[in-house]
Amino acid sequence: MAGLVSPSGLSNDLTLLDKIDSESVVDILDKRFQTGSPYTYIGEVVVSINPYRQLNIYGNDVINEYRAREMWEKQPHIFALAESVSPNNQGKNACVIITGESGSGKTEASKIVMKYLAAVSSQDDKAEIERVRDILLRTNVILESFGNARTGRNDNSSRFGKYMDISFDFKGTPNGGNIHSYLLEKSRVVQRSAGERNFHSFYQLLAGANDQLLTSLSLKRSISGYRYTKGDDTQAMKVGSGPGTDDRKLFKDVEMAMKNVGFQDHEIKSIWRLMSAILHLGNVNFHDDGDSAAIREGNESDLARVAKLLDVDVEAVKDALTSRTVSAGGDIISAKHSAEKAEHGRDGFAKAIYERLFSFIVGKINSKIQVEKRHTDCVIGVLDIYGFEVLGINSFEQLCINYANEMLQQLFIQLVLKQQQEEYIRENISWVDVKYHNNQPICDLVEGRRGMLALLEDAAGGGLGKATDDGLLETLDSQFKANKFYTSRRNEPQDKTLEHGHQFRIRHYAGDVTYSINGFIDKSKDLVFQDFKRLLFGSKQPAISSMWKDGAQAKSIVTKRPPAAGTLFKQSMQELIKNLSSKEPFYIRCIKPNEIKSPQRFDTNRVAHQVAYLGLVENIRVRKAGFAVRQPYDRFLQRYKLICKETWPNHRLGSDKKAVEVLCKSMKIKKDEDVAYGNTKLFIRSAKTLNLLEARRDVKIIDVIIFLQKHWRRTLAQIRFKKMRALMTIIEYYRKYKLRKYISDLEKKFRNVRQMPDKGKSITWGAPPKSILSTVDYFKLVFRRWCAHFVISRLPKEEHEGVKMRAAILDAYVGSGRQGWQGGEWKTDYIKTNPEFNMAVSTLRTKEKEGLGKLLFAAEGIKLSSKAKGTPRALLITDKFVLKMDSTKKYKVMDKKPVSETIKSVSVFNEPSSKSVVLHCEGRNDLVMAFSTGNPVELTAILRYKLNVEKINVQSRIPITVEKKSSSLTREASIDQSASFQKRGNDVSVLD
Ligand SMILES: Nc1ncnc2c1ncn2[C@@H]1O[C@H](COP(=O)(O)OP(=O)(O)OP(=O)(O)O)[C@@H](O)[C@H]1O
Ligand SMILES: [Mg+2]
């Protein structure tokens with residue numbers, strides 16, 4: 001249940017608590033503090049408890065985990081809030097308002113937000129984008145150096161309010177920004193409470209500047225040598241000491257950051273000059289010389305250093321410090337100060353220098369990151385402003401700070417309520433009215449038309465010396481006599497906790513605060529004598545002069561009194577509130593667990609107090625008004641659709657709303673009782689329902705994993721299949737290519753074959769692709785035929801038949817060992833020179849009724865008769881008959897049979913010189929003849945070619961049947977060329 005509880009089982013959203021009261025909230029915060037998981041939600045508000053120890057939850061790996069995730073999907077984190085704010089998610093102007101008391105972790109939280117925004121915005125690596133991103137992140141180092149200080153409550157306390165706008169282009173990349181600073185606590189330059197330090201920048205300069213720089217600034221490396229840095233001798237005051245404050249290193253970091261941001265060398269030098277001028281100025285003391293102030297003896301050198309560093313005339317500095325130019329009735333006169341007033345003026349001067357220096361630095365940073373409006377798609381503001389403050393003595397600054405918090409709290413309640421109410425109306429859910437603390441009367445008390453700040457302005461306007469703090473208190477007392485948020489001793493004499501004459505109390509939303517009126521008028525007037533302004537405008541250092549442009553006026557011009565500091569602060573606050581109201585607000589509420597910066601100690605009372613004044617319980621109630629959780633239907637389905645058949649993996653129910661209804665019904669979640677269906681969102685009343693859904697989801701997720709595995713495997717198989725198919729296509733194309741290439745190569749090789757002397761017999765065919773092996777064999781056959789045709793066509797016509805016959809029996813003799821079998825002249829009739837034979841034949845022709853037929857072969861020799869005797873015989877074969885003739889009896893016909901029925905196959909010996917032949921006859925003796933004339937091979941050819949006797953055997957032992965007895969005929973070479981038969985056991989041998 002990642003979204004609802006922490007690994008240690010703590011509720012991630014306080015709205016899911018069953019019991020909503022301060023104790024339960026404090027208890028959860030305590031446990032979160034102890035377990036090092038400092039964040040909790042109230043809806044979209046992040047509540048952060050300062051862990052006071054380094055946690056390993058801010059790395060880039062964690063950033064990646066929160067990318068493109070919904071807030072409730074992961075454990076609560078500022079990163080989740082930053083993801084919701086980021087332009088990639090929102091696309092709207094938004095602001096992150098960080099509040100909490102000093103040391104609660106606001107500044108750290110703002111840095112975490114910025115880190116996330118810089119990391120997840122578009123990963124463009126263009127130099128300009130990198131530059132802006134770098135400046136945005138580095139500004140913190142500079143601003144913390146000049147605007148932060150070690151206080152009793154925080155070693156790195158921001159002594160100014162900061163609002164930073166980061167602008168993003170349409171791609172969601174930060175392309176610029178703007179910083180607005182509020183109410184720098186400049187009084188810190190000249191005085192601090194015990195154990196506290198001046199701004200870090202002074203100590204960093206004294207500790208970190210190298211000797212050369214220190215000498216050029218006439219500084220000693222000693223904080224106790226200067227009134228403005230000298231403090232008590234506590235460890236905290238030592239240069240470069242204290243946790244997390246390595247002044248020496250930080251000086252280098254600040255210098256580097258200023259260079260990177262784009263400060264020019266002369267500007268950085270001027271900054272150091274002003275800083276050291278302030279230090280030296282603090283060491284200038286006065287004494288009364290008659291009725292006017294004079295520089296105390298021994299302090300002239302300090303004065304001279306101030307003049308040198310500010311690059312102004314030393315006498316002019318002296319005059320500005322000890323007197324004041326007054327324009328009275330057109331005359332310009334110099335009014336001398338008393339020593340006390342001169343010291344006051346000196347401190348005022350030092351504060352003013354520092355304040356303007358700070359504004360200069362902020363302005364400089366802004367000039368480097370400003371961006372034209374047309375390049376800005378959306379703006380995200382981050383507000384890190386001082387929290388509600390209650391000190392031992394509360395003065396004008398605390399009033400301003402607490403008033404600012406009053407305004408922000410009012411804004412918070414308004415926005416949260418407003419947002420919620422608007423959402424209910426939009427979603428068509430009935431709205432439940434919620435009571436909440438209204439800060440408006442207190443805001444009015446301070447900023448109203450006849451409010452405190454207006455009265456202060458009036459008092460300040462009363463001119464120097466005329467209005468007094470006492471008088472102001474009297475005015476306040478009478479003005480707010482009936483105001484229940486204001487009391488004083490005069491108004492409530494019985495309240496002994498208030499001192500007479502200088503204290504008043506305001507009942508802030510965060511608690512009662514007693515203020516002391518002493519110094520209010522002075523602080524409000526915030527007077528810097530015109531003489532100082534003129535003096536520094538005249539500085540030869542351009543950077544210094546540029547900070548004092550209002551010193552340009554001539555002495556004779558009576559300057560109009562600038563608005564009182566309180567009025568200016570009110571205006572800037574009202575502007576800020578207006579700005580924030582125009583943006584989608586997100587809140588981080590920071591809580592400080594203890595006063596001693598301990599990572600273990602959880603001070604329940606302190607936290608309860610903060611929970612109360614941050615209005616967290618109220619916040620939870622507002623958020624829970626009616627329904628604790630709401631989720632857009634599509635996101636709800638995304639998370640839970642797997643638990644219902646009808647919605648998994650995709651529903652076909654027409655709309656997401658319908659699908660959610662079906663899903664809830666399947667879980668027996670009751671409409672109106674447990675949930676309400678808004679137009680685009682589901683409203684869930686309690687954690688119970690969510691827990692039910694989550695538990696079911698946990699069970700079902702296993703099925704999904706199997707399902708995903710199955711799909712993934714299928715996908716892998718599909719990928720493999722596609723690859724195979726591609727491979728096959730490639731192979732197929734390659735084969736075709738090989739084929740075409742083989743054929744086209746052949747075609748090229750044989751193109752001029754007619755002209756070749758050997759008609760292409762020497763051409764190598766190469767190995768053909770397997771698929772056309774038989775085709776190529778056929779080509780070869782065709783080619784051979786074509787070659788044969790050439791050979792044949794050159795022969796006389798009458799030889800054609802002989803060639804054809806020789807070809808016809810080719811296969812019978814190939815490989816038989818009977819070399820030269822084709823050779824020699826084939827005569828057909830080997831007896832034709834014998835007149836007796838010719839006579840016998842012509843007699844036969846005339847005698848035969850059906851005709852003798854065409855003579856195909858005639859030869860004579862001996863025929864094997866019974867008892868292995870050789871009887872002289874002639875063999876005559878025509879296309880009709882086979883005739884055996886007795887060559888000793890004038891070729892008398894001994895036997896005559898029709899050709900077609902007689903000879904079934906024929907055998908010859910595989911020895912080339914043998915002249916024997918065996919005609920195997922159906923149902924009768926085989927005719928075995930050893931020719932004296934006649935070629936047995938020719939006879940076999942004639943038998944196959946002309947008489948269709950297919951079977952021709954060429955062998956060394958021929959099976960024969962003579963006189964119905966089967967035996968074998970072998971062959972032996974005859975010694976005297978004459979043929980004869982010999983009996984060899986059961987077999988017969990022919991000698992020929
Ligand atoms: N998330 C955090 N992780 C670790 N330490 C933290 C964290 N937040 C704050 N701290 C510790 O608390 C100190 C005070 O925090 P920070 O300066 O942010 O407070 P602040 O609210 O800005 O106070 P101030 O109002 O005085 O400026 C830090 O210096 C740091 O030591
Ligand atoms: Mg701070």
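Keep in mind that what you see is a predicted model, and the values were worked out from it rather than measured. Atoms within a ligand are numbered from 1 in the order they appear, just like the ligands themselves. Below, all heavy atoms of this structure are taken into account, side chains as well, without hydrogens, waters or symmetry copies.
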Contact check, side chains of Leu453 and Met573, non-hydrogen atoms, under 4.5 Å
no
Can you say whether the rings of Tyr58 and Tyr39 are parallel (under 30°), tilted (30 to 60°) or perpendicular (over 60°)?
perpendicular
Please state whether the separation between the Mg ion (ligand 2) and some N/O/S atom of Asn154 is under 2.8 Å?
no
Provide the full list of ring pair (Phe, Tyr, Trp, His ring centres under 6.0 Å) pairs with a residue in residues 378-399, sequence neighbours left out, each pair given once.
Phe388-His508, Phe388-Tyr613, Phe396-Phe520
Sub-3.5 Å N/O-N/O distance, Ser102 and ligand 1
yes
With respect to Gly103, determine whether any N or O atom, backbone or side chain, lies less than 3.5 Å from an N or O atom of ligand 1.
yes
With a 4.0 Å cut-off on N to O distance, would you call Glu389 and Arg153 a salt bridge?
yes
Residues Lys111 and Glu144 bridged, charged N to O under 4.0 Å:
yes
Top protein contact for atom 4 (C) of ligand 1, by heavy-atom distance
Arg53 O, 3.1 Å
Top protein contact for atom 20 (P) of ligand 1, by heavy-atom distance
Lys106 N, 3.5 Å
Any idea which atoms of ligand 1 are less than 4.0 Å away from a heavy-atom of Thr107?
18 (O), 20 (P), 22 (O), 27 (O)
For Pro51, which part has a heavy atom under 4.0 Å from ligand 1: side chain, backbone, both, or neither?
side chain
Phe602 vs Phe33 aromatic rings, parallel, tilted or perpendicular, using cut-offs 30° and 60°?
tilted
Using heavy atoms and a 4.0 Å limit, tell me yes or no: is Cys590 in contact with ligand 1?
no
Heteroatom test (N, O or S) for Thr107 near the Mg ion (ligand 2), limit 2.8 Å:
yes
Closest to atom 17 (O) of ligand 1 among protein heavy atoms sits Asn154 ND2, 3.1 Å
Answer with yes or no after comparing the ring centroid distance for Phe358 and Phe160 against a 6.0 Å cut-off, counting only values under it.
yes
Determine whether more than 12 heavy atoms belonging to other residues, nucleotides or ligands lie under 6.0 Å from atom NZ of Lys249.
no
For atom 12 (O) of ligand 1, what is the closest protein heavy atom, and at what distance to 0.1 Å?
Asn50 ND2, 2.8 Å
Ligand 1 atoms in contact with Asn156 (distance to a heavy atom under 4.0 Å):
17 (O)
Any donor-acceptor N/O pair, Tyr163 side chain to Ile385 backbone, under 3.5 Å
no
Which atoms from ligand 1 have a heavy atom of Tyr58 less than 4.0 Å away?
1 (N)
Flag Gly387 as yes when one of its N or O atoms lies below 3.5 Å from any N or O atom of ligand 1, and as no otherwise.
no
Looking at atom 31 (O) of ligand 1, would you say a protein heavy atom lies below 4.0 Å from it?
no
The closest protein heavy-atom partner of atom 15 (O) of ligand 1 is Gly105 CA, 3.6 Å
When distances are taken from atom 18 (O) of ligand 1, the protein heavy atom at minimum range is Glu108 N, 2.9 Å
Would you check whether Tyr52 reaches within less than 4.0 Å of ligand 1, judged by its heavy atoms?
yes
Lys/Arg-Asp/Glu bridge criterion (N-O < 4.0 Å) met for Glu83, Arg69
no
Between Asp27 and Lys31, is the closest basic N to carboxylate O distance under 4.0 Å?
yes
Would you say Arg507 has more than 12 foreign heavy atoms packed within less than 6.0 Å of its CZ?
no
Closest non-hydrogen protein atom to atom 27 (O) of ligand 1, residue and atom name please, with distance?
Ser158 N, 2.7 Å
